[in-house]
Amino acid sequence: MKRTETYLLNMGPQHPSTHGVLQVKLTLDGERILKAEPVLGYLHRGIEKLMESRTYFQCLPYTDRLDYISSMNNNFGFAMAVEELAGIEVPRRAEFIRVIMAELNRINSHLIGIGTLANDLGASTGMLYCFRDREYILDIFNEVCGARQTFHYIRIGGVAGDFTDKARELTEAFLERVPKFLSEYDQLLTGNEIFTRRIIGISAMTAKEALDLNMTGPNLRATGVARDLRKLDGYSVYGELDFDIPVGEHGDNWDRYQVKMKEMAESAKIIRQCLDKMPEGLIMAKVPKMLKPPKGEVYSRTEGTRGELGFYIVSDGTTKPYRVHIRRPSFVNMQGLDLMCRGMLIGDSVSAYSSIDPIMGEVDC
Amino acid sequence: MEISFLSGLALWLRGEIYALTGLPILSDLALDIIGIALLLGIISMAAIVFTYGERKVCAFMQVRIGPNRVGGRFGLLQPVADMLKLMSKEDIVPEGADKVLWALSPALLFVPAALVYAFFPFDAGAVLADVNVGVFLLFAISGQAVLPFLMGGYASNNKYSMVGGFRVVSQMISYEAPLLFSLLGILMITGSMRLEDIVEAQSGGLWFIFLQPLAFVIFLISAVAETNRTPFDLVEGESEIIAGPFTEYSGMRWALFFLAEYANLLTAAILATTFFLGGYLGPDFLPGFVWFGIKAVLMVFVIMWFRWTFPRTRVDQILTFGWKAMLPLSILNVFLTGVVMCALGLV
Amino acid sequence: MFGKGLLTGMGVTIKHFFGKKETFCYPEEKLPMAEGFRGGDLTMDWRVCIGCQMCAMACPNKALDLTVVTDAKKKRHMKYYIHKTGRCLFCNLCVEVCPVHTLQWDKNYANSTWNKEDMVHDAMTDKDRADLDIFLSDVEKKAKAEAEAKAKAEAEAKAKAEAEAAEGKPETPKAETKAAPPKPEAKAEAAKKPAAQNAAPDAEKKAAAAEKKKGGEA
Amino acid sequence: MKQRYLTAEELARIKGNFYTVSIDEEEKPPIYVSPEEFIPLMQLLKTNPRLLFTHLSCLTAVDWKDTIDVVYYLFSEYLGAYVVVKVKTIRNHPEIPSVTSVFPGAEFEEREVYDLMGVKFTGHPDMRRILMPEDFKGHPLRKDFKYEKPAPPKATRVSGEEEEADA
């Protein structure tokens with residue numbers, strides 16, 4: 001009787017296509033995956049412990065290092081949590097600038113998501129085009145906040161620098177480029193039969209499974225559940241902007257790819273509206289130097305690029321938070337990895353990693 | 001066998017040596033040695049030019065400039081720099097590797113890659129080994145390239161290499177059949193397996209690419225699969241199994257694998273030119289072997305163009321595509337050629 | 001047809017094959033950084049800095065290691081301004097919190113080093129420290145000179161006061177009425193004298209500052 | 001945030017049939033519940049047709065010198081409201097039932113709380129550390145955690161002879 005034996009293949013933490021230091025223990029029968037167990041913690045810096053011994057202002061630069069590809073959304077989440085705790089009212093102009101920056105960062109992060117998906121499937125040209133288009137966004141960020149990746153731009157009570165005319169000009173130029181490069185990806189990737197055959201029907205997930213696994217963000221919306229906190233909570237000025245939420249049907253890699261592509265178009269629409277509606281005025285509220293929020297706790301959640309990003313802050317009335325817990329979307333989405341890789345081949349596990357699009361800084365916190 | 005520039009040169013040389021030494025055996029031997037030296041020169045030249053060409057083509061397609069640092073504005077010395085870098089790399093032998101097999105596999109891979117060049121008609125009459133069963137011998141030899149990959153994969157004691165080794169065996173064997181069947185149509189038309197006859201049969205502009213378009217498509221896809229290049233570069237799918245069989249090789253050993261890969265690439269291009277693009281035939285303002293060179297380089301560019309546009313297919317997709325699509329199509333092509341030839345009464 | 005998507009894909013790549021390229025050659029041409037760019041090392045002007053160490057306190061990662069020197073006039077000056085770029089988050093909190101706005105970034109982002117220890121940059125160059133020492137020594141000299149001048153002035157004032165007290169004793173009955181007026185007079189005189197004294201040192205200091213500035217520019 | 005907190009009478013209705021549940025009178029009172037009645041309460045919150053708290057958004061623990069509170073934030077799209085459930089545990093060996101039976105998506109977060117705070121969850125599918133290495137002693141996020149740097153591993157050479165040369 002033929003006896004086959006399963007073997008353990010260790011993918012990572014040093015591997016070209018596990019995004020960052022992610023190690024996945026694959027139990028394989030030939031090339032078919034029986035079990036995929038992610039091993040986390042290689043990039044654990046203990047940010048929650050660090051934040052307990054720093055003032056609220058000093059905690060903000062650490063949120064840049066959580067999801068270092070969309071650090072603007074992390075600042076946004078933390079700043080909103082502290083403002084709700086301390087009862088600070090942010091001026092309207094700052095709210096609009098924050099939404100513009102967060103949406104630019106969402107496009108920036110989805111471009112990397114799609115670029116790495118294309119590169120993991122072999123089309124490195126697709127990745128080069130994504131990184132070329134990303135440079136235009138980085139120029140805007142460089143112009144407005146002086147940094148290209150860890151911005152520390154959205155502060156408690158407003159934003160650090162004003163949205164200059166040069167930045168507006170660069171943003172307008174970028175908004176014209178968006179439909180052009182989206183159609184270029186459609187020609188290069190979406191229409192490509194090899195690309196579609198590699199991701200259609202791969203690691204599909206039903207809506208019930210996704211909800212049970214507490215998944216959020218594009219991974220959940222790909223399964224058909226239209227839950228987007230920008231619409232649900234309508235925080236900041238999202239309530240006044242009209243945009244729709246792209247939703248997939250089967251929850252496979254193809255739908256995740258399509259949801260990200262459509263979300264980029266939606267973000268461009270949001271930026272367009274914000275540019276028109278942005279009033280003149282202050283960009284920073286009156287915030288006391290020694291900010292002492294009242295004793296109590298707050299949990300504020302925002303729609304990060306990879307899902308629901310929540311900040312739970314317990315304050316004991318001093319200038320330093322007593323406890324900060326960060327609900328990190330990539331960390332919770334990693335639970336879906338095993339379900340997505342089971343029964344697939346090694347080649348598909350790679351496309352599963354890049355369609356969950358985890359950022360290890362955020363997963364290991 | 002008309003006299004072309006190259007074969008004329010060869011005959012003149014043979015006459016000179018015979019005049020010098022007076023022994024016919026010595027002049028044939030000298031000519032063969034010169035031929036072999038020339039062929040090895042062509043292979044190493046091809047490897048050097050194509051490493052540079054591939055980087056430039058890849059860069060241009062990815063909106064980049066490509067190497068422009070080493071050697072002038074166009075980075076012409078880049079391949080030399082690569083070679084020096086590879087030579088200076090430490091030669092690491094993985095622990096627990098099967099030393100003999102491990103060392104042997106790059107050398108063994110290079111043998112069929114180089115041997116195949118003896119049969120190509122670079123110009124009318126300019127063939128090192130003029131064999132009248134050229135096509136048959138050609139594919140018999142190039143079929144040997146499968147084993148060294150597997151040996152490399154098995155011997156380097158690394159799970160990724162093992163998986164790469166299995167993949168290479170399944171892929172190359174399953175594309176051997178469509179490759180051969182696609183050429184059957186041509187053999188039926190020319191009636192002989194001698195490569196020069198096939199080229200001569202295409203004289204007068206009637207290239208087989210126009211007569212056998214389906215066969216050309218099948219041949220091209222199978223040739224790309226044989227040389228393990230995208231969209232079938234599963235063997236060294238770097239994002240999945242790092243570099244397949246040659247993960248554990250470094251320095252000159254890896255360079256040998258690399259050399260063999262580019263030799264195979266040039267073989268695929270030359271086969272496509274000889275069978276479908278009329279080899280050395282062309283309007284006579286250029287000598288035969290220059291036409292041959294232009295067509296071969298053009299085919300190499302097309303294969304490189306594939307590499308920098310398409311993603312990688314999955315293992316089971318390759319096998320189903322190979323067996324369920326390529327093979328039946330090539331057999332259909334043979335059947336169609338037969339029907340057409342009967343209709344035209346050529347049989 | 002099966003191959004249509006593949007062919008459009010190849011069309012895109014061939015279009016870019018002949019299209020404009022995006023690379024710029026880094027060491028020769030440098031990407032222009034925005035003027036608000038936060039990168040490189042911190043630079044500060046020790047003459048403006050008041051040594052309050054607010055920047056070191058505001059830094060989340062304790063990347064600033066300062067040593068402060070107090071001069072004779074109890075004013076603080078910066079002696080060593082160690083900025084550990086390895087630890088620095090480039091979050092700009094120090095630049096924003098500085099009350100005298102003397103901290104700036106020098107925007108030289110190419111400051112990579114071979115090992116970790118070299119990633120320590122001292123914003124105060126040795127020349128700055130030399131100027132600082134000169135400044136400290138002449139402040140000390142001035143302070144000593146002032147102290148002597150004050151001491152001399154007090155001695156004269158005391159001597160004059162005794163002299164007046166000696167004259168005033170014989171006609172004590174009238175003293176109460178006269179005593180009242182001389183006291184304000186004395187006070188006025190005393191007031192005038194310190195003002196004069198102050199004027200002198202100020203003039204001196206202004207001269208020193210001018211001379212220093214000339215020294216600074218030279 | 002547009003999501004409102006549960007009103008007082010809704011909280012009272014939830015408290016109705018649980019006797020260990022205590023809700024004090026502040027503005028947004030969290031529901032304190034004992035470990036014994038914790039799973040039935042979560043079951044009720046998730047499945048009761050008038051509540052439908054289906055999304056367990058945040059699961060974490062806070063170390064108050066004498067006790068460790070495990071905090072659960074639940075959101076319901078049906079009501080457009082959220083509620084906070086807290087479970088007090090004894091500090092030196094905290095032990096509460098795992099909520100993965102009701103919310104399977106809480107597996108990683110519970111492992112993280114166990115890893116960083118030391119709260120054991122009974123009934124958890126695989127109760128192991130998730131971020132820290134397996135042989136790590138202590139729980140870093142506790143207030144009284146003292147971190148002593150481990151000695152660097154002694155470099156052991158594999159092949160035989162050179163060892164004498166080094167020793």
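The model shown is predicted, which means the values in this text are computed figures rather than measured ones. A, B, ... follow the sequence lines: proteins, then strands. Residue 1 opens every chain.
- With rounding to the nearest 0.5 Å, the separation of CD1 in A:Ile194 from CZ in B:Arg314 is 13.0 Å.
- For a residue to count as touching a neighbouring chain, one of its non-hydrogen atoms must lie under 4.5 Å from one of that chain's; by this rule A:Ile202 touches chain B with the side chain only.
- Counted within 6.0 Å of CD on A:Gln14, heavy atoms from surrounding residues, nucleotides or ligands total 12 or fewer; the atom is thus considered open.
- No side-chain heavy atom of A:Val350 sits under 4.5 Å from any side-chain heavy atom of B:Arg312.
- Proximity of B:Val63 to A:Leu128: side-chain heavy atoms (C-beta onward) are nowhere separated by under 4.5 Å.
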Practice prompt. Could you walk me through whether A:Met11 and B:Tyr160 pass the side-chain contact (heavy atoms from CB on, under 4.5 Å) test, one step at a time?
Written response: CA-CA 10 Å; A:Met11 217 168 192; B:Tyr160 287 114; 3.7 Å; yes
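- Legend: salt bridge (Lys or Arg N to Asp or Glu O under 4.0 Å) pairs involving residues 118-133 of chain A, not counting sequence neighbours, sorted by first then second residue: A:Arg132-A:Glu184, A:Asp133-A:Arg177.
- With contacts defined as side-chain heavy-atom distances shorter than 4.5 Å, the pair A:Thr125/B:Thr309 does not qualify.
- Applying the salt bridge (Lys or Arg N to Asp or Glu O under 4.0 Å) test to residues at least two apart or on different chains, none of the pairs has a partner in residues 148-166 of chain B.
- The 12-atom threshold is not exceeded at CZ of B:Phe181, counting heavy atoms of other residues, nucleotides or ligands nearer than 6.0 Å.
- Within a 6.0 Å radius of NZ in B:Lys99, more than 12 heavy atoms belonging to other residues, nucleotides or ligands are found.
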Worksheet item: Where do B:Val163 and A:Tyr7 land on the side-chain contact (heavy atoms from CB on, under 4.5 Å) test, with the steps shown first?
Response: CA-CA 12 Å; B:Val163 170; A:Tyr7 64 103; 3.4 Å; yes
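- Only the side chain of A:Leu188 comes within contact range of chain B, judged by heavy atoms closer than 4.5 Å.
- For chain B, the option among A:Asn192, A:Asn10, A:Leu121 with the highest count of heavy-atom pairs below 4.5 Å is A:Leu121.
- A:Tyr129 touches chain B through its side chain: at least one heavy atom from C-beta onward sits under 4.5 Å away, while N, CA, C and O do not.
- Of residues 24-31 of chain A, those residues with a non-hydrogen atom less than 4.5 Å from any non-hydrogen atom of chain B are, in numerical order, A:Glu31.
- Other residues, nucleotides and ligands contribute only 12 or fewer heavy atoms inside 6.0 Å of the CZ atom of B:Phe166.
- A pairwise comparison of heavy atoms in A:Ser124 and B:Trp308 identifies OG-CZ3, 3.6 Å as the closest pair.
- Taking CG from A:Leu9 and CE from B:Met162, the interatomic distance works out to 13.0 Å, rounded to the nearest 0.5 Å.
- Surrounding CZ of B:Phe306 are more than 12 heavy atoms belonging to other residues, nucleotides or ligands, all under 6.0 Å away.
- Note that OG1 of B:Thr313 is 7.5 Å distant from CZ of A:Arg198, once rounded to the nearest 0.5 Å.
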Indicate every side-chain donor-acceptor pair of residues 64-74 of chain B with a distance under 3.5 Å to a residue at least two apart or in another chain.
unit_1  : atom_1 : unit_2  : atom_2 : d
B:Arg64 : NE     : B:Gln62 : OE1    : 3.3
B:Arg64 : NH2    : B:Gln62 : OE1    : 2.9

